[in-house]
Amino acid sequence: MAIGGHCDPRFFRVREVFERHFAEGAELGAAFTVFLDGERVVDLWGGVADRTTGRAWGAHTPVLAYSCTKAVTATALLLLAERGLIDVAAPIREYWPEFGTASVTVEHVLTHQAGLPAIEEQVPVAEFEDQPAIAARIAAQTPVWEPGTAHGYHAVTYGFLVGEIIRRVTGKSAGDVVSAEIAGPRGLELWLGAPPDVIERTARLSAGERTQAEPVIEVEDGDPANPMTAIAAAARDRDSLMNRALGNPSVHLLPGGANNPVILRAGWPAMGMVATARGLAAFYADLIAGRILRPETLSDAVRRRVRGPDRVLYIDSSFGLGYMRPALTFLTPAAGEETAFGHTGLGGSIGLGDVENGLGVAYTMNKLADAVGGSLRAYHLVAATYDSL
């Protein structure tokens, strides 16, 4: 398999890992980019973007990055907070008077503490293009736990809630704010709502076919004291909070699943970003350099607000204001445990920033892993990056 791009000799370990993944059949198409102190020191790609046509993965091949989106959406909101337009400690009702539960704050949503992790009514995927309507459905629900007392991954609802707060304050969608304030001015190859020309060259995700009756994830039973046992039970239960949070909308019922243009153009603020590894890594490079948010804003945003067992995923997770911090859901090597932040995406993608180590990192791919947390491909690449510092 021919690998394109370049790799600074100091980071030869990264290239070795990237090539090994292809040699072992772990990849179909993928890209990995690293900025160190603003310099692009690793920029690798290889494989095929579309296994049906054989179209090659190139330097500018974008792909749906799933929940890597959440960190970019959070950054858009934090920009508004810097300008005094949003107080993250304030109740959502200050910006969205119709919001149903008075005690839910903006911070609760950003830290997955709002108690609204699932859209309780099954809605056809096509209707999710009307983001304010979906947000209104969520806002009318009763939290499944007292807001602020626990945290659980709001896989899909996070985006509609944060997006509606942004819309109420600016009159614009989250995607429009990302384009105007973050991606556009910097020429970043990332889109929250991809235009037709980007959709045409987007890599096609590849995964096993799933039927409506299948659980969202597949795990095996184990020791009753092991969280994976609880995950296994929840995966088999169609009505579990985990399956309700991760399985609505039923994207797999669309022709082509997440490759369908309905998904790529919708710009869902939790999981709809289309990006290249180069664009996502550059986003983090600019973020840690203070070119998007002020350093003090970012420092406060990445401070751990919650850490421990996740009410939706069962395993430990940790969040700042919209950014994941190292935990089982955001695996980092020891060198990044206290300094790394960012977000993973379903199937294996990751975006990562590290102010102290000067890193902006991104991994994108189109061969999806089965597990909720993706796979260890990203971890091995990130570990090799830290080992090279």
Side-chain angles (χ1 to χ4, degrees), residues 67 69-120 123 127-183 192-193 245 266-273 292-294 296-298 300-303 305-306 319-323 343:
S67 286
T69 310
K70 290 182 174 68
V72 177
T73 299
T75 303
L77 186 146
L78 292 168
L79 269 174
L80 302 177
E82 272 194 349
R83 297 169 185 171
L85 298 176
I86 296 175
D87 178 358
V88 297
I92 290 178
R93 278 186 177 177
E94 288 197 11
Y95 312 103
W96 182 355
E98 302 90 345
F99 191 85
T101 304
S103 60
V104 178
T105 67
V106 176
E107 182 172 347
H108 287 155
V109 174
L110 290 171
T111 56
H112 300 263
Q113 296 185 84
L116 297 166
I119 302 169
E120 298 295 355
V123 182
E127 293 186 23
F128 279 80
E129 290 199 85
D130 187 347
Q131 294 185 29
I134 299 300
R137 287 177 180 269
I138 302 166
Q141 294 177 184
T142 300
V144 297
W145 65 76
E146 180 62 31
T149 63
H151 75 281
Y153 190 48
H154 288 48
V156 177
T157 58
Y158 168 99
F160 293 112
L161 294 172
V162 175
E164 184 63 9
I165 295 167
I166 290 173
R167 191 181 74 85
R168 293 291 178 129
V169 171
T170 66
K172 301 176 181 178
S173 70
D176 286 341
V177 173
V178 167
S179 176
E181 302 283 353
I182 298 174
L192 190 47
W268 294 347
M271 52 177 283
M273 179 177 65
I292 300 177
L293 297 174
R294 293 195 293 261
E296 59 271 24
T297 301
L298 181 62
D300 180 64
V302 303
R303 178 172 57 85
R305 263 57 173 200
V306 295
F319 296 95
L321 295 178
Y323 303 113
H343 218 288

Run His112 and Lys70 through side chain to side chain contact (heavy atoms under 4.5 Å, CB included) and show every step you take. CA-CA 11 Å; His112 300 263; Lys70 290 182 174 68; 4.2 Å; yes
Among all residues two or more places apart in sequence or in another chain, which pass the ring pair (Phe, Tyr, Trp, His ring centres under 6.0 Å) test with His343? none
In chain order, what residues pass the side-chain hydrogen bond (donor to acceptor under 3.5 Å, both in side chains) check against Gln141, with sequence neighbours excluded? none
Ignoring hydrogens and angles, write down the donor-acceptor pairs under 3.5 Å from the side chains of residues 89-99, residues two or more places apart or on other chains.
residue : atom : partner : partner atom : Å
Arg93   : NE   : Phe99   : O            : 2.8
Arg93   : NH2  : Gly100  : O            : 2.8
Tyr95   : OH   : Asp87   : N            : 2.7
Glu98   : OE1  : Arg168  : NH1          : 2.7
Glu98   : OE1  : Arg168  : NH2          : 3.2

Note: Lys172-Glu181 ion pair, threshold 4.0 Å (strictly below): no
Electrostatic pair Asp300-Arg294, nearest N-O below 4.0 angstrom: no
With sequence neighbours left out, write down each residue that passes side-chain contact (heavy atoms from CB on, under 4.5 Å) with Ala245, or none if nothing qualifies. Pro117, Ala118, Val312
Name the atoms and distances for all side-chain donor-acceptor pairs under 3.5 Å in residues 72-80, with sequence neighbours left out.
residue : atom : partner : partner atom : Å
Thr73   : OG1  : Thr69   : O            : 3.3
Thr73   : OG1  : Pro269  : O            : 2.7
Thr75   : OG1  : Ala71   : O            : 2.8
Thr75   : OG1  : Tyr323  : OH           : 2.6

Search all heavy atoms of Leu321 against all heavy atoms of Val88 and return the closest pair with its distance. CD1-CG2, 4.4 Å
Output all residues satisfying salt bridge (Lys or Arg N to Asp or Glu O under 4.0 Å) with Asp130, sequence neighbours left out; order by chain, then residue number. none
Parallel, tilted or perpendicular: which describes the rings of His151 and Phe319, with under 30° parallel and over 60° perpendicular? perpendicular
Do Thr105 and His108 have a side chain donor and acceptor closer than 3.5 Å? yes
